[in-house]
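Report on the following structure.
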There are 2 protein chains.
Amino acid sequence: MSINDDGESLKLKQLSYFLSLAEHGSISAAANALNMAQPSLSENIAKLERKLDVQLAIRGSRGVQLTQAGTLLADRGQEILKSVDDLVEALRLLGSDPRGPVSVGFPPSLSILLSVPLLESIHSEYSDIRLHVAEAMSGDILDWLANDRIDIGCVYEISDSSVYILEPLLTEELFLVTAPDNWDDEFGPDGIAKKPITASDLQHLPLVLTSQAHGARKLQERFARAEGFSFNVTATIDSLPHIVEMVSRASAYSLLSHGAVFKQVASGDIGLVRIAEPSIRRTAYLVRKRARPVSHASTIVEGMIGTIIREMVERYNIEAQLAPRKDG
Amino acid sequence: MSINDDGESLKLKQLSYFLSLAEHGSISAAANALNMAQPSLSENIAKLERKLDVQLAIRGSRGVQLTQAGTLLADRGQEILKSVDDLVEALRLLGSDPRGPVSVGFPPSLSILLSVPLLESIHSEYSDIRLHVAEAMSGDILDWLANDRIDIGCVYEISDSSVYILEPLLTEELFLVTAPDNWDDEFGPDGIAKKPITASDLQHLPLVLTSQAHGARKLQERFARAEGFSFNVTATIDSLPHIVEMVSRASAYSLLSHGAVFKQVASGDIGLVRIAEPSIRRTAYLVRKRARPVSHASTIVEGMIGTIIREMVERYNIEAQLAPRKDG
DNA sequence: GAGTCTGCATAGGCATAGCCTATGACAAGT
DNA sequence: ACTTGTCATAGGCTATGCCTATGCAGACTC
């Protein structure tokens, strides 16, 4: 480090001091306008000159006269200070009221649960946020994240955590879903059959599932393989409502989370049968791309998603373990 | 003063800290790159966020992710820091080597004494200063100053000191100048006649003077009025060389300072006769316009003018009182 | 799932930057 | 010569800014 390494760098404070000096033409007057003592300003200007290694003002007994360097500093410094002010203003605005577009991608089973309440809550509480909700399979959602088509995604499978930032949302259990008439058991007020079944009981039931493209189906197949059998898949439909309709018409059974059919369970159109020893569980993660800047509005939406999930789980007694709440 | 008036303003230091954070993606890495402790940087970033009232980065366990506000700050901040650096660079350059144009205006009697040595000295010692010397009457020099045609002027009469900044240069005495043959007295080695004359002795001598437009002539007339007579002006010429030539041809006398004719005095072509009781004195001032910024080169030239005057006065034993030297 | 690693936050201590009051020097105007 | 306005210097006090040490939480490993 050099011996004469006086001050580290130019300070905006001193710059504004100097602008005041340039405006008032005398150190005393400027100090007065700045509500500070004259010697302090005097010292600051001197320090500035030492730092820049230039004489900025010629001291006289009737005030000071700016040098060429001084006028340059005053002119350019004013621009700089203005652009700093503008920047600060812009930042405060960004931070103050959340606004602007936010796009979220849900897989179908979460979309059923969240989309409408989320849209409604955001619209009523943050009318300046323009929220767009899209529904797709986990894989597509990750693609959308990668291509910056959405800000926030929900997925079930964890992927590369060096590109994405994950936050666990909730862990769901997959139930055998059936039309109540189509099952030889009583259903409690929570819509769940009294007697759970075991994995092996699944193996001969006619099931309607999604295609292999869906993460849910992959999970289900993994489960079956681990248990040493394969499902009796009578139909493959990549549409949750259609699956639900088939189930409620007693045309087949399926494997779904409580959240995916919570309305039908609540209305008694569909019953849940717990699969025990082992159960099929999956965890939903909230995902965002690491490289993508996070808008304030987007943060609000994330928080709202958590809130909505808690509300829905509580209101409908949905079987799921919530992830620990992030405070904010 | 408000309660939550936390920090006074944004600091460039903190801005550069944040840029490093944006670049490195983690507080630890950035602190390392900045050669500072991690907690210090952590604290600084937090302070910045408090000051701006915006979250700039979302802390994770694997570094930080910038928010929208953070990226904005990083982008615009970089521009600002660059423009500050450019400004500092420009200022250092302005201060380092004096260069560029400087215009000086002298009245004839000082121009005779100073112009050539000044031009030569500046050219040899500061080759990057482009010095222009102009010669005119005091009144015109003040006009030139007012119109920014010259940076520095020399005048004899003081004028409005709220517009101009004055610095006394030297006080000269006006002598009766004559061809040595045309005067009944011995002249010493300094070119001055042994016997002084009194003011009243002037009154019948045929004089060649400048017109009333010149400050010198006004001074002379004031002197005569104060002494209760008027000059016998046989010719009016607004050209110092022509006056000198007439005097040296013994066609007339004149009233000039030693400096105006120092060469002719040194060569013995002209002699000086001191006017005593009272003497005629005038002070030359160095003048610059208060509102006009002073270039470094201009400061150098001012200093050089003082140096040259001292040199000339000493070398030629010119009769004049020097103003106190300004150190520099 | 326990242990380790990595990264951020908090706490307390020390040096110094920054501002103040008091005072001195100097030029300009009375 | 005296007063007034200006800038500079000196000494003291407070708050800032950085440091080390330590705590805490998520993420990777076996």
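Per the geometry, CZ belonging to A:Arg290 stands 11 Å off C1' belonging to D:dA27, to the nearest Å. Whole-Å rounding puts the A:His24 NE2 to D:dT6 P distance at 12 Å. Atoms CD (A:Gln38) and P (D:dT9) sit 11 Å apart, rounded to a whole Å. Rounded to whole angstrom, the span from the CG atom of B:Asn32 across to the P atom of D:dC19 amounts to 12 Å. Distance B:Leu41 CG to D:dC18 C1': 12 Å, rounded to the nearest Å. Taking atom CG of residue B:Leu48 and atom P of nucleotide D:dT16, one finds them 16 Å apart after rounding to whole Å. One atom, CG of A:Asn44, and another, P of C:dG18, lie 7 Å apart when rounded to the nearest Å. A straight line from CD of A:Glu49 to P of D:dC7 spans 12 Å, rounded to a whole angstrom.
Dashed line: the shortest gap from a side-chain N or O of B:Arg59 to OP1 or OP2 of C:dA9 is under 4.0 Å. Of the side-chain N and O atoms in A:Ser42, one or more sit less than 4.0 angstrom from OP1 or OP2 of D:dA8. Here A:Lys13 reaches the OP1 or OP2 of C:dC19: one of its side-chain N or O atoms lies under 4.0 Å away. Residue A:Lys47 places no side-chain N or O under 4.0 Å from the OP1 or OP2 atom of C:dA17.
Looking at heavy-atom distances under 4.0 Å, A:Glu43 makes no contact with the nucleic acid at all.
Both A:Ser40 and B:Tyr17 lie near DNA chain D, and the one whose nearest nucleotide falls closer to the 5' end is A:Ser40. Judged by closest nucleotide on DNA chain C, A:Gln14 is the one of A:Pro39 and A:Gln14 placed further toward the 5' end.
Checking side-chain atoms of A:Asn32 against main-chain N and O of A:Ser28 turns up no donor-acceptor pair under 3.5 Å. Without hydrogens or angle criteria, A:Gln65 side chain to B:Arg290 main chain gives a donor-acceptor distance under 3.5 Å. Judged by distance alone, the side chain of A:Lys289 and the main-chain N or O of A:Tyr164 form no donor-acceptor pair under 3.5 Å. A:Glu49 places no side-chain N or O within donor-acceptor distance of the main-chain N or O of A:Asn44, the cut-off being under 3.5 Å. Judged purely by atom type and a 3.5 angstrom limit, B:Ser26 has no side-chain atom pairing as donor or acceptor with the backbone of B:Val64.
Residues A:Arg282 and A:Glu173 are not paired through a salt bridge, judged by the lack of any N-O separation under 4.0 Å between the basic side chain and the carboxylate. Between A:Asp151 and A:Arg292 there is a salt bridge, since a side-chain N of the basic residue sits under 4.0 Å from a carboxylate O of the acidic one.
Rounded to 10°, the angle separating the first-five-pair axis and the last-five-pair axis of the helix from C:dG1-D:dC30 to C:dT30-D:dA1 equals 30°.
When distances are taken from the side chain of A:Met36 to each of C:dC19, D:dA8, D:dT16, the shortest belongs to C:dC19.
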